[in-house]
2 protein chains.
Amino acid sequence: MSVGHTAVTTEPVVRCGDATEDCGIREVLDRIGDKWSVLVVVELARGVRRFRQLQRATPGISQRMLTLTVRRLERDGIVTRTVHPTVPPQVEYELTAVGHSLTHLVKALADWSAEHRDVIARARREWDAEHPGAGIR
Amino acid sequence: MSVGHTAVTTEPVVRCGDATEDCGIREVLDRIGDKWSVLVVVELARGVRRFRQLQRATPGISQRMLTLTVRRLERDGIVTRTVHPTVPPQVEYELTAVGHSLTHLVKALADWSAEHRDVIARARREWDAEHPGAGIR
DNA sequence: CCGGATCCTAATCGATACTG
DNA sequence: CAGTATCGATTAGGATCCGG
């Protein structure tokens with residue numbers, strides 16, 4: 001396959017004593033690893049958004065999931081929720097400082113994805129070809 | 001709450017036309033957003049590992065989940081799987097070049113987590129205090 | 001417009017038992 | 001040792017109806 005990575009005997013880039021401690025990586029992933037959080041954050045990175053705006057900008061999300069998503073983000077201090085007591089009601093969501101710093105991380109994710117999606121797609125096709133009828137999805 | 005982030009009207013760090021396109025972020029998260037992948041990758045970042053070694057280094061993972069996890073990572077070209085036809089059987093897992101590059105991304109995750117975990121934990125406690133009996137978990 | 005409450009389905013994961 | 005197979009529990013997520 002000629003991936004030819006330069007024999008790294010020990011280059012523990014991540015550096016935490018053991019996978020046991022999990023570095024806190026799981027915390028981040030529990031926060032943004034779900035189906036919708038990053039998409040909402042990405043949209044909010046473009047500016048203040050109302051509930052409906054967020055829903056329209058995130059095709060496929062249900063009302064329920066959007067509610068849950070923004071609630072969790074609010075709880076973690078990643079977005080603020082501002083209710084304007086008008087009629088009809090108007091609620092605005094906005095990234096906090098932490099939320100904005102998160103967008104940089106999201107950018108890193110997007111960059112990595114863009115950089116490797118082709119290679120990975122190819123590897124996947126090859127694997128699927130060599131393993132016919134493997135239910136690994 | 002005094003988060004006081006500097007009024008960012010439009011600083012689209014992420015830059016993809018719309019959350020609609022999702023940048024491919026979802027691809028990454030579908031790959032490493034699960035419960036165990038990153039932990040396995042972190043352990044493999046420290047060197048070549050056998051199946052049992054991975055399982056011992058990842059407390060709580062079941063045999064089944066480890067199998068599924070390494071299979072998916074192999075399929076995506078993130079790890080290689082080498083079977084030594086000895087007895088008892090011996091299978092070694094090793095990061096590919098893509099896998100190693102992923103390690104850097106994981107480090108970014110770990111760094112961000114370390115940098116914000118306290119603030120987030122505090123925000124969460126405050127939210128929970130202000131919203132008694134909210135089943136948001 | 002915003003979102004809570006309810007019901008239901010599908011995916012995920014863990015435990016256990018068994019095989020080469 | 002390194003898996004596969006099966007089952008059950010838990011969870012995430014979608015659809016829908018309703019209320020402020």
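What you see is a predicted model, and the numbers here were worked out from it, not measured in a lab. All chains are named by letter (A, B, ...) in the order of the sequence lines, taking the proteins before the strands, and each is independently numbered beginning at 1. Worth knowing before you read on, the calculation uses all heavy atoms, side chains too, and leaves out hydrogens, waters and symmetry mates.
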Rounded to the nearest Å, what distance is computed from the [atom1] atom of residue [X] to the [atom2] atom of nucleotide [N]?
{"X": "A:Arg49", "N": "C:dG3", "atom1": "CZ", "atom2": "C1'", "answer": "20 Å"}
{"X": "A:Met65", "N": "D:dT11", "atom1": "CE", "atom2": "P", "answer": "15 Å"}
{"X": "B:Gln90", "N": "C:dG20", "atom1": "CD", "atom2": "C1'", "answer": "16 Å"}
{"X": "A:Gln63", "N": "D:dT16", "atom1": "CD", "atom2": "C1'", "answer": "10 Å"}
{"X": "B:Glu92", "N": "D:dC1", "atom1": "CD", "atom2": "P", "answer": "14 Å"}
{"X": "B:Leu29", "N": "C:dT12", "atom1": "CG", "atom2": "C1'", "answer": "17 Å"}
{"X": "B:Leu68", "N": "C:dT12", "atom1": "CG", "atom2": "P", "answer": "10 Å"}
{"X": "A:Asp30", "N": "C:dC13", "atom1": "CG", "atom2": "P", "answer": "11 Å"}

Compare side-chain N and O positions of [X] against OP1 and OP2 of [N] and report whether any pair is under 4.0 Å apart.
{"X": "A:Lys35", "N": "C:dA11", "answer": "no"}
{"X": "A:Arg71", "N": "C:dG3", "answer": "yes"}
{"X": "B:Tyr93", "N": "D:dG3", "answer": "yes"}
{"X": "B:Arg64", "N": "C:dG14", "answer": "no"}
{"X": "B:Arg81", "N": "D:dG3", "answer": "yes"}
{"X": "B:Arg50", "N": "D:dA2", "answer": "yes"}

Open item on the list: I'd like to know if B:Lys107 pairs up with B:Asp111 as an ion pair, taking the criterion as any Lys NZ or Arg NE/NH1/NH2 lying under 4.0 Å from an Asp or Glu carboxylate oxygen.
Closed with: yes
- [ ] Answer yes when B:Arg49 and B:Glu92 have at least one side-chain N-carboxylate O distance shorter than 4.0 Å, and no when they do not.
- [x] no
TODO: Apply side-chain hydrogen bond (donor to acceptor under 3.5 Å, both in side chains) to the pair B:Gln55 and B:Arg52, showing each step before the final yes or no.
DONE: CA-CA 5 Å; B:Gln55 190 169 16; B:Arg52 276 293 181 196; 2.8 Å; yes
Open item on the list: Quick check for you: among C:dC2, D:dG14, D:dT4, whose closest atom lies nearest to any side-chain atom of B:Thr67?
Closed with: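 Closest nucleotide to the B:Thr67 side chain: D:dT4.
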Open item on the list: Please determine whether residues B:Val87 and B:Val83 belong to a single hydrophobic cluster, defined as Ile, Leu, Val, Met, Phe, Trp and Tyr linked transitively by side-chain heavy-atom distances below 4.5 Å.
Closed with: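 Not linked; separate clusters.
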- [ ] Take B:Leu109 and B:Ile32, measure what side chain to side chain contact (heavy atoms under 4.5 Å, CB included) needs, and give me the verdict at the end.
- [x] CA-CA 11 Å; B:Leu109 286 169; B:Ile32 66 167; 4.2 Å; yes
